[in-house]
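Heads up, the thing below is written out as C-alpha cells.
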Amino acid sequence: VVTVNSRTEPVPGRVGSSPPRRTGDSAAAPSAGRPRRHWGWLLFVLPGLTLFVVFEVWPLLQAMLLSLFRWDGYSPSTFVGLDNYRSIAGDALFWAALRHAAVYAVGTVTAKIVLGLAIALLLHQQLAGRAFFRSVAFAPALMSFVAVGLLWQLIYSPQQGLLNSALTILHLPSDISWLGDPNLSLPSLMVVDIWKYTGYHAILFLAGLTIVQKDLLEAAEVDGASSVQQFWHVTLPGIRAILVVNIVIAAAGALNTFDLVYVMTNGGPYRSTEMPITYMYRMGFANGALGYASAVAFVMFVIVSAVTLAILKFQRSDSDAA
Amino acid sequence: MEDVMIRFRSWRLVGSAVGVAALAAACSVTGSSSAGPTQNASDGEFVVYSADAPNVKATQDMLQADFGNPNKVTIKMVAYPASDFITQFQNAVRSGSEVDGLILNGQHVGFLQSKGLLKPIDDVVDPSTLQPQAIDPFKIDGKLYAAGIGTLNTSMVAYNKDIMTKYNLVVPKTFDDIKNNVAKLKGSGISLFGFGGATTFQWPLWFMQMFQQTSGDKPVETTKKTLAGQSPSFTDAPYVEAMRHLQELGASGAFQPGLMGTANTAAQADFLAGKSAMYYYGSWVISNFVSSAKFPVDVAQFPAFVSGATPRPTGGVTGATGIFNNTPANKTDLARKFVQFLTSVQGDQKVLKTTPQGFVLPATKGVPMEKQTPLEATVQTDFGLRSFGFLDWLWPASVTTAFQQNIQAVVGQQKSPEAAMADIDKAFKAG
C-alpha cells in the first residue's frame, strides 16, 4: 500500500504499475498527526502548468467572458449576458454548420480508422520496402492543409482536373463539378481529409501493434484460431487504447475543421460546406461580431469536450466489462 | 475530517485562482473595448500601417527618400495583405500601438470611419486635384475621410478576338446578344464567359453592374438611401430585379460548366488557354490578360440587361490614405503632410512607379505619363473616369458576406431573387 506520506517506490513484482493513490489512503498512514506534504513536485510541474494556464486556460476564460459581450473589436463593448447564446440557439446557419461537421466527423473518422488500421496491419507484415511504404503512407500528414487544398482543387477542377480527365478516359460521366455541386462538395472535402490523415492514423496503429504480445497470437494460432479470429479476439483488444486515442484525435480534428474548408470552398457553394469554425471565423473577422464568434467557439469547446469524454467513458466502461 | 478540510482548502485555492483570473480577464475585455492613446515610437520615427504588403520594401524605400529624409524621420512600415489588414489593424489599435500614417485599401475606409478611427481631411486635401473616383467614395456624411492614391481601378469585359472571329460572335451589347453567342458556341467546348464562381468575393461585381441599370444609373445614391433606412429597402424592386437578371444570366448557359467549383485562378487560366471567349472582371486582372495572352485581347463595356440602360463600369482606386484618429499630437502635422505628399502629383507619380499597376490610370490629375498605351488611354477615359464606386465599400461587412453567398446561390439556380434579397435584408437588419 502506498500512502500519501510515503515515497512512491516500485512495488516488487509490479514494475511500472504503481497502484493508484486514493486520498482516503492517508487515513491508513502509520504515523499519527498531519500527513507530511512534499511540494518539490510543484517545481517540476510549474513550467508546464504556467504555459497551460497562459495559453489554454487564460484564452478560454477570455473567450468565455467575451461571449457575454457585443463587441466589434473597436467600439466600446456592451455586456449582453447570454444573448449571444440565445442567438446561437435560433441561428439556422450555425445548426446547419454543426450538421455538416457531424456528417464530416462520422464519415472521416470511420474511414480514417478503418483504412488506417488496414494499412497498419499491412505494413506490420514482413514486406520488402516496408520502411519506404511507411514513409509514403505518412507523407501526406506532413503537408500543410493549404498546399493540400490547392493541390486537390486542381484535381477536382471541373474543366482541366485530373479526376474528370480520368473519368473521361474511362468513358464515365466526367462533367462533374466536385466542389461546385452542393451535394458533392462536402463528400469531396471528406475524401481529401481522409487521404491526408489515414497514413497518420496508420502509423499510430503500427505503434500499437508492436505491443500486442506475440505469444498470445501464437497461442491463438496453436488453438486453431483463424486470422480473422486472431485479429478480432487478440489484436483488436490489444490495441484498444490506441484505437481510442485515434478516434479521439480524429473526432476532435474533424469537429474543428477549418483550414481545408477555408482554402478549398470557403464554406460554399451555397454554404453547403460551412463548418462551425469557418462560421465562427466569418462572424468574428468578416462580420466583426467578436462576442458572437466567441460564443460559437465556447459552444464548440463544450461539444468537442463532451464528445471526447463520451468516447473515453465508453472505452472505460468497455474495459471494465472486459 | 482533516482530509475533507484539505480538500476544501484546495478547492478554495482553485476557486480563488479562477476568480482572480476571471476578474483579470473581465478587466482585460472591458479595458480593450475602445481605442486609447497610442504608445509613442521615438520622435524620429514615423510609423506607417499599409495594406500593400507585397510592395512594402519598395514603398518604404520610396517614402524614406521622398518623405522621410526631407522631414528628418525614419519611416517604419507595418504592412499586411489587404485581406488580413483589418484584423491586424484591430490588434494594433487594441494594443495601443502607434500609427502615424495610413496606406489603406479603399474598401477599408468606410469600416474604419464607422469605428471612429479616421479624422476628416477636408482641410488637408484639395479634392479638385484628384479624379472624382479618388474622392467620392470617401465622402461620408458630407466629410472627406480619405483620398485615393495610385491608379484608378475599373471593370470591363475582356474578350479573345480570335475566338470571336472564328465563331462569328458579336461583342455583346444586350442579353439577347449573349444568348445568341451562347448558341453559336454550343458543342465547341468553349464557354462564353469564364469566371471563378467558387471565389465568392468576386460575385458582387456582377450584381453592381446589374444594379447600376435597375437603379436608373444611381447605384451609389440608392445604396446610401437603403443603408440609411430609407426607400428602397433591400427587398424592393431595384435589388430584386438586379438579382433576377443574374438568375437569368446563370440559366442562359453563358458560364463554363462547373462554375461554382472553379476558383478565380483556374478560371483565369481557362481564359488564357482559350477555353472561354470572354472574362468579366476588374482592370487589375484584365491588364494581365492583355500583357500575357497569346491571342489578341480587347475590352468592352458590360452589356445592357435593362432596356434603354447605358451601362457604366464600377471601380475605385488601388489605395487610399487618411489620418488615424489617435496619432500622437506631436506627429499630427507630419501625418497631414504625409497625406498631402501621397496625393500630390509628385507623390502619386512615385506611388505609380513603386507599385506594379495593371492599367496606369493616375488617381491624381496632371500626373505626367512617361508611357501610356492607346488601350490604357481608352480604358482611362471610357471606363475609369465613367466608373461608379464599388458598392461593397459602402455595405456593412455582414451585408457584403450575405451578398457574396446569395449571388452565388441565385446564379447557381439554388435560390430565388426574392429569397436572396430577403436574406441580405435580414443580415443588414441584424447589424
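In what follows, chains carry the letters A, B, and so on, assigned in the order in which the sequence lines appear, proteins first and then strands, with residues in each chain numbered from 1.
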Derivation and outcome, side-chain contact (heavy atoms from CB on, under 4.5 Å), residues B/Q90 and A/D72:
CA-CA 9 Å; B/Q90 181 175 287; A/D72 60 10; over 6 Å; no

So CD of B/Q414 and CZ of A/R271: to nearest 0.5 Å the spacing works out to 12.5 Å

Where do A/P158 and B/G261 come nearest, in terms of heavy atoms and distance?
CD-O, 3.8 Å

Using heavy atoms and a sub-4.5 Å threshold, report which of residues 177-186 of chain A line up against chain B, by residue number.
A/S177, A/L179, A/G180, A/P182

Please examine the side chains of A/S157 and B/T262, heavy atoms only from C-beta on, and report whether any two atoms are closer than 4.5 Å.
no

Within a radius of less than 6.0 Å around CZ of A/F145, do more than 12 heavy atoms belonging to other residues, nucleotides or ligands occur?
yes

Between B/F201 and chain A, with a heavy-atom cut-off of 4.5 Å, which part of the residue counts as in contact: side chain, backbone, both or neither?
neither

What are the two closest heavy atoms between A/G73 and B/R94, and how far apart are they?
O-CG, 3.7 Å

Taking C-beta and beyond as the side chain, do B/T265 and A/Q153 meet within less than 4.5 Å on heavy atoms?
no

Which answer fits A/L150, side chain, backbone, both or neither, if we ask what part of it has an atom under 4.5 Å from a heavy atom of chain B?
neither

From B/Q408 atom CD to A/N266 atom CG, the distance as rounded to the nearest 0.5 Å:
9.0 Å

Once you round to the nearest 0.5 Å, how far does CZ of A/F285 lie from CD1 of B/I86?
12.5 Å

Interface check, chain A: of B/A198, B/A427, B/A273, B/P257, most non-hydrogen pairs under 4.5 Å belong to B/P257

When only pairs under 4.5 Å are counted, which of A/G284, A/G288, A/A289, A/A286 shares the most heavy-atom pairs with chain B?
A/A286

Heavy atoms under 4.5 Å from chain B: which residues of residues 78-100 of chain A carry them?
none

